[in-house]
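What follows is a single structure, written as structure tokens, with notes after it.
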Amino acid sequence: QHYFIQSNLRKLDMTTRQILNVFEQYQKARTAFVQAVADLSTRPQNIETLQNAGVMSLLRPLLLDIVPSVQQTAALALGRLANYSDDLAEAVVKGDILPQLVYSLAEQNRFYKKAAAFVLRAVAKHSPPLAQAVVDSGALDALAICLEEFDPGVKEAAAWALGYIARHNAELAQSVVDSGAVPLLVLCIQEPELSLKRIAASALSDISKHSPELAQTVVDAGAIAHLANLTLNPDAKLKRQVFSALSQISKHSVELAEMVVEAEIFPNILTCLKDSDEFVKKNCATLIREIAKHTPELAQLIVNAGGVAAVIDYVGDSSGNVRLPGIMMLGYVAAHSENLAMAVIVSKGVVQLAIALQEECEDHIQAAAAWALGQGGRHTPEHAKAVAQANVLPTLLQCYLRAGSSEDLQIKAKRALKNILQKCVHLPALEPLLHDAPPNILKHVVAQFSKVLPHDPKARRLFVTSGGLKKVQEIKAEPGSALMEYINCINGCYPEEIVRYYSPGYSERLLERIDNHQPIMTQ
């Protein structure tokens, strides 16, 4: 009997081991499967095959697996798939996976929370409707709670997801604000971890950019002082986001720009215009531009801090889109007043803008340079002369006439030409345009000659010897037009025989007179 009992126990033990072994193998298979899918989904060429094999429906139940590592890896794989395309992100939404993830954000461990926040971010990044689907799943409150977690990795993942939701439009950003996330994001930029600071600053930038009200919410949470303290941090990626956030706050209104200035960012941030990181330089120049554009007083403050000279150097040292905010900043400063425009001119700003207009290949950058030059030259004859002497008028004309120029470049070049020409009395700079300008520009050129020549004998003589008077006679103007009046005014500055001499066909008429002339015969 004892032997029989022992035998049964051994059989039962073997049966238990066999059953447990089945479960163990199943667990190993699930673990291997999710790990393999997570690895395969890192390579774009595998995504379509995985999708066609029905990977989404296979991963979904594994999000509720009893083994934590399987849950986390399944979420990671889903995040990578959703990150790849909006179609896959849409599949996550349609698969009713988001509510599961949101529920798990509150219940699971820190590793799962990071993976779940990654999936939410990957879905939200593609479009406003997908981001709205994340909001509708109740994710915002759960993500805001994650910002209070002890683990910095969880805070980072949550801040990243919130930023991706907020970046699309004002309504989504307002939803993020309503979740109470903004004060928590401001706390995150005060944490010691650099990556958390970067992502929190980026999220604050994404919230601030849409409207003055949203930017004010960020300001009310005390963000400006903490962001200003980070402008001289040695980490380039952090400075990029800090300058971006301050720019997005400053751009909306004078009051917000003044609050940023009051954080005493000048003159310290000017050193960042020489930073080795291109994006730091660009975002710093963008911040200065957003402040300078509002009022003459703010522009003067930047001038007094040495900002104009620093930006002119920056324009000279950079190219392409990195150069653009510097070009625009100089235009905004020059537009405010005669004195501020002269500050740009005296600091050799016109020279750098002229170089940018000449060198740049992209129309939108040339258009910005043309606009800035027009702002600098439109105030007085002295301003116009300084701009004209940089030899920009022929270049502006070329931009206006070039067949391939964009409509925006043509409009801005034409307007700049008109602004400068209406004030310019420096005739040597105007004369080349007599030969090349179309009638609508020529009218302004001839008008300036008609203003100067009656009062300047030396200029009248030079106008004849340089061929200017001859060119004016060749212009075909409508009788009674403004252009005809200007031409008559110029002709009135010279004796009638001089005007006739330079008129088209005069030499032929002389030859006719020779033909018709009867020689006087002497005996």
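Numbers here are sequence positions counted from 1. What you are looking at is a predicted structure, and each value in this text was computed from that prediction instead of being measured.
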Lys/Arg-Asp/Glu bridge criterion (N-O < 4.0 Å) met for Glu407, Lys412
no
Polar contact flag, side-chain donor to acceptor under 3.5 angstrom, Ser205-Ser244:
yes
*Answer yes if the side chains of Asp39 and Gln35 hold a donor-acceptor pair under 3.5 Å, and no otherwise.*
no
Tested for side-chain contact (heavy atoms from CB on, under 4.5 Å) against Ile165, the lone hit among Ile207, Leu130, Leu143 is Leu143
query: Distance only, no hydrogens: is a donor on one side chain within 3.5 Å (strictly under) of an acceptor on the other, for Arg60 and Gln100?
result: yes
*asked:* Taking atom CZ as the centre, does Phe279 end up with more than 12 heavy-atom neighbours from other residues, nucleotides or ligands that are less than 6.0 angstrom away?
replied: no
Exercise: do Asn233 and Lys239 side chains pair donor with acceptor under 3.5 Å
no
One should read off an interatomic distance between Cys361 SG and Gln366 CD, to the nearest 0.5 angstrom, of 7.5 Å
Q. Will you find, in the side chains of Asn321 and His364, an N or O donor that is under 3.5 Å from an N or O acceptor?
A. yes
d(Trp160 CH2, Ser195 OG) to nearest 0.5 Å is 8.5 Å
_Thr231 side chain reached by Asn268 side chain, heavy atoms, under 4.5 Å_ = no
Find out whether the Lys NZ or Arg CZ of Arg30 is both under 6.0 angstrom from the six-membered ring centre of Tyr26 and within 45° of the ring's axis. yes
Within the supplied structure, the quantity of interest is the number of heavy atoms (other residues, nucleotides, ligands) at a distance under 6.0 Å from Lys414 NZ; does it exceed 12?
no
When rounded to the nearest 0.5 Å, the distance separating CD of Gln248 from CD of Gln241 is 10.5 Å
